[in-house]
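Here is the structure we will look at.
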Amino acid sequence: MNLLEEFFASHGVRSYGAIGYKDEFVMREKSLERRFPHLRVSLCAFAVPYYVNDGGRRNISRYAVPRDYHIFFDGFFSEMRDFFAQRMPEGHIEGFADTSPFNERALALACGVGSLGDNGLIINPEYGSYVFLGSIIA
C-alpha cells in the first residue's frame, strides 16, 4: 500500500485517483506559482460523500446537513500534511477544496473519480453527485 492509499484508507476516503502533473488542469497559474513553486510532480483528485440519509424532511440542501465541509477539509489537509511530513520529510504536499488552482472537475474526471453528468456535476459510482471534491498536488 502506498502512502496516499494508506492515508485515504485511514480517513475512510474510497474514491480517489492520481496522475502525473499536467499544466492543462491549472486554472490560476500565478496563484500556484506564488504559493507552491516547488510542487509539480503529481496531482490527485478525490471525492468525499456528504449525503446523510437521516429520513428527516428538511427545507435545507443536503450538503448543509452534515458538518461544514470547510471545517472537515481544514482538518483533513492538516492531518495529511503531518502524515506525509513524518514519512517523507523531504517531500511537499498540499491539498485544496474550493480554492484549488486546478479545474477540480476536469482533474476528477482524469483521475477516474467519476463521470460528468448532464447537470455538469461529477457523478461518483458509489455516491452519485452527493460529493465534495478535493485535490492534492505533490
Side-chain angles (χ1 to χ4, degrees):
M1 178 181 292
N2 70 36
L3 289 178
L4 193 59
E5 287 177 285
E6 183 182 339
F7 179 76
F8 281 146
S10 71
H11 286 76
V13 175
R14 298 192 303 257
S15 186
Y16 62 91
I19 59 172
Y21 179 85
K22 295 179 182 177
D23 282 329
E24 68 188 74
F25 298 109
V26 177
M27 291 178 54
R28 293 190 299 271
E29 177 63 40
K30 288 181 184 178
S31 171
L32 183 64
E33 184 61 37
R34 184 180 71 247
R35 293 173 56 204
F36 310 105
H38 53 285
L39 301 176
R40 293 288 199 283
V41 177
S42 60
L43 296 169
C44 172
F46 62 98
V48 176
Y50 65 77
Y51 177 58
V52 177
N53 188 6
D54 63 0
R57 296 187 62 92
R58 305 171 193 269
N59 189 17
I60 185 170
S61 180
R62 288 184 174 151
Y63 81 85
V65 174
R67 178 172 57 147
D68 184 291
Y69 72 98
H70 295 99
I71 295 169
F72 167 81
F73 277 116
D74 284 347
F76 183 87
F77 290 137
S78 177
E79 291 176 28
M80 178 192 71
R81 285 187 295 273
D82 291 346
F83 176 90
F84 280 91
Q86 291 172 6
R87 290 157 180 81
M88 272 183 10
E90 73 286 353
H92 300 279
I93 189 168
E94 192 61 48
F96 309 94
D98 277 353
T99 60
S100 178
F102 306 103
N103 179 332
E104 288 179 313
R105 185 173 31 191
L107 182 57
L109 289 170
C111 290
V113 171
S115 57
L116 188 62
D118 290 340
N119 58 2
L121 299 176
I122 296 296
I123 309 297
N124 179 271
E126 186 173 356
Y127 305 116
S129 63
Y130 298 107
V131 295
F132 292 118
L133 296 177
S135 57
I136 298 170
I137 184 174

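Values below: every heavy atom of this structure, side chains too, minus hydrogens, waters and symmetry copies.
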| Is the closest side-chain heavy-atom distance between L107 and I19 below 4.5 Å? | yes
| With sequence neighbours excluded, what pairs up with D23 under the side-chain hydrogen bond (donor to acceptor under 3.5 Å, both in side chains) test? | Y21
| request: Look only at the side chain of E5 and the backbone of N2, and say whether a donor-acceptor pair between them is shorter than 3.5 Å. | output: yes
| query | Can the ring centroids of F25 and F102 be said to lie less than 6.0 angstrom from one another? | reply | no
| field | ring-ring contact (aromatic ring centres under 6.0 Å, His included) involving F77 - partner list, sequence neighbours excluded | value | F73
| message | So Y127 and V48, do their side chains get closer than 4.5 Å, heavy atoms only? | response | no
| note | In terms of heavy-atom contacts, V131 and P49 come closest through CG1-CA, 4.1 Å
| task | Would you mind reporting whether F46 and S15 have side-chain heavy atoms less than 4.5 Å apart? | result | no
| message | Under the criterion side chain to side chain contact (heavy atoms under 4.5 Å, CB included), I'd like the reasoning laid out for I137 against I93: C-alpha separation, chi angles, the key distance, then a yes or no. | response | CA-CA 6 Å; I137 184 174; I93 189 168; over 6 Å; no
| said: For residues V41 and M88: do they belong to one hydrophobic cluster (side chain heavy atoms under 4.5 Å, members Ile, Leu, Val, Met, Phe, Trp, Tyr)? | reply: no
| Any side-chain heavy atom of L3 within less than 4.5 Å of one from F84? | yes
| Of all pairs that satisfy side-chain hydrogen bond (donor to acceptor under 3.5 Å, both in side chains), the ones with a partner from residues 94-103, not counting sequence neighbours | Y69-D98, H70-D98, R81-E94, S100-S135
| message | Using the salt bridge (charged side-chain N to carboxylate O under 4.0 Å, His left out) criterion, which residues pair with R40? Sequence neighbours excluded. | response | E29, E33
| note | Scanning both residues in full, the closest heavy-atom pair of A108 with A45 reads CA-CB, 3.6 Å
| task | Find the distance between CD (E104) and CE (M27) and round it off to the nearest 0.5 Å. | result | 9.0 Å
| task | Return each pair, listed once, that meets salt bridge (charged side-chain N to carboxylate O under 4.0 Å, His left out) where at least one residue sits in residues 114-129; pairs must be two or more places apart or across chains. | result | R14-E126
| message | Looking at every non-hydrogen atom in both residues, tell me the closest pair between S129 and L121 and how far apart they are. | response | CB-CD1, 4.0 Å
| field | Qualifying salt bridge (charged side-chain N to carboxylate O under 4.0 Å, His left out) pairs, either residue in residues 105-117, two or more places apart | value | none
| Looking at P125 and G114, what are the two nearest heavy atoms and their distance? | CD-CA, 4.2 Å
| task | Output yes when a side-chain donor or acceptor of N124 lies under 3.5 Å from a complementary backbone atom of V113, and no otherwise. | result | yes
| remark: Contacts of E24 meeting side-chain hydrogen bond (donor to acceptor under 3.5 Å, both in side chains) (sequence neighbours excluded), chain-then-number -> none
| said: Is there a side-chain contact between I136 and Y16 in this structure, where contact means two heavy atoms from C-beta onward sitting under 4.5 Å apart? | reply: no
| Can you list every pair that meets salt bridge (charged side-chain N to carboxylate O under 4.0 Å, His left out) and has a residue in residues 127-138, with sequence neighbours left out? | none
| message | Working note: F8 + C44, criterion side chain to side chain contact (heavy atoms under 4.5 Å, CB included); need CA distance, chi angles, decisive distance, verdict. | response | CA-CA 11 Å; F8 281 146; C44 172; 3.8 Å; yes
| task | Just grab all the salt bridge (charged side-chain N to carboxylate O under 4.0 Å, His left out) pairs involving residues 106-116, residues at least two apart or on different chains. | result | none
| note | Taken in chain and number order and not counting sequence neighbours, the residues that satisfy ring-ring contact (aromatic ring centres under 6.0 Å, His included) with H11 are F7, F76
